[in-house]
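Values reported hereafter were calculated over all heavy atoms of this structure, with side chains retained and with hydrogens, waters and symmetry mates removed. Counting from 1, the numbers follow the sequence of the chain as shown. One-based numbering, in listed order, for ligands and for the atoms of each.
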Amino acid sequence: MSPLALVTGITGQDGSYLAERLLASGHAVHGVVRPGSRGVTDTRVVAHRADLADTAALTGLVRDLRPDLVVNLGGVTSVAQSWMAPDLTHAVCGRAAVALLDAVEDLRRAGHDARFLQAGSAEMFGDAPTSPQDEHTPLRPRSPYGQAKAFAHVATVRARERGAHASTVILYNHESPRRREQFVSRKITAGAVAIAHGETDHLVLGNLGAARDWGWAPDHVDAMVRVLHHPDPDDFVVSTGLSHTVEEFAHAALRYVGVSDPAAVIRVDPTLVRRHDVAVQVGDSTRIRTRLGWRPTKTFEEVVAALIEAELVRRRS
Ligand code: GDP
């Protein structure tokens, strides 16, 4: 029998890449899909309609499917969105993880060992006192998103201390053509291509000074696969170790499409500047590099170029 993986957040960027990886290595992949959402496009994935706020539905799924892997990627995906719906964020990014962990522990008591992986976020560090951040950096989240993710992180660590094979990945920003345009990377690259096509003459952004550790989503998903397959569960920062500002991202994208004076086409809309935006995020991923042999495959410039090339392909198709 092929091993069975249950993945929340299967319809998102990371979920779709992870499903592909797990299917390719012979797993049966089951995904939790929000009622009313458009669902999974990959017909090989078995979709289960359940709301992440419905903890009874989540525990029922784990009990009935008896998965070998449980990967919790789901929830409110953007920091900005979490400010608009803090209670929902806490339920789907925080309490859902606790429900899944409880269900995994019940399975273990019944003699079935499942591995659990929690997708954490650099947002859990908030205004970190040290830079770069690593697995020992205290959690000081600022946003409801970071707070809910920190809650789920601590619950995962505690489950591991009780004997569960429960790990976390602490993910820094990771981009791909599958990112939605609500994220700044896709907004910038789609905007740069629109400028190159003469459809607009400017790009409107918020906080240009925010610096992020931008990686390539398939690399971060590769990190998840490595953690799941490793015999020893732990917490792992997944990051490139370099940060670039939103302004640098925009300049790189605009130059790539041939705009000679990027600053001249960027406008700042103060209403897009977030309350309590974290100024700089940069992660030290030494642990996963040395222990699991993980490393990023694309530089910042290559990530920007890949996103632009994907926008151009999208337009031609
Ligand atoms: P997230 O913070 O992980 O949800 O990822 P985003 O891509 O949405 O935001 C990354 C950074 O870009 C944050 O510091 C934002 O404040 C900043 N930023 C600056 N301008 C914009 C914008 O127009 N849209 C978005 N989404 N973020 C922006």
Problem set entry | Any residue meeting salt bridge (charged side-chain N to carboxylate O under 4.0 Å, His left out) with Glu247, in chain and number order, not counting sequence neighbours | none
Problem set entry | Between His165 and Asp232, a side-chain donor and acceptor under 3.5 Å | no
Seminar exercise, completed: Sorted by chain and residue number, the residues with a non-hydrogen atom under 4.0 Å of ligand 1 are Ser78, Val79, Asn173, Gln182, Phe183, Val184, Lys187, Leu205, Gly206, Asn207, Ala210, Arg212, Val246, Leu272, Arg274, Asp277
For this session: Go through the steps for Phe151 and His90 under the test ring-ring contact (aromatic ring centres under 6.0 Å, His included), then give the verdict.
Result: CA-CA 9 Å; Phe151 179 78; His90 195 73; 4.8 Å; yes
Problem set entry | Axial cation check for Phe183 ring with Arg179, 6.0 Å and 45° limits | yes
Exercise. Do Arg275's NZ or CZ and the ring of Trp83 fall within the cation-pi criteria of under 6.0 Å and 45°?
Worked result: yes
Exercise. Do the ring planes of His48 and His30 sit parallel (below 30°), tilted (30 to 60°) or perpendicular (above 60°)?
Worked result: parallel
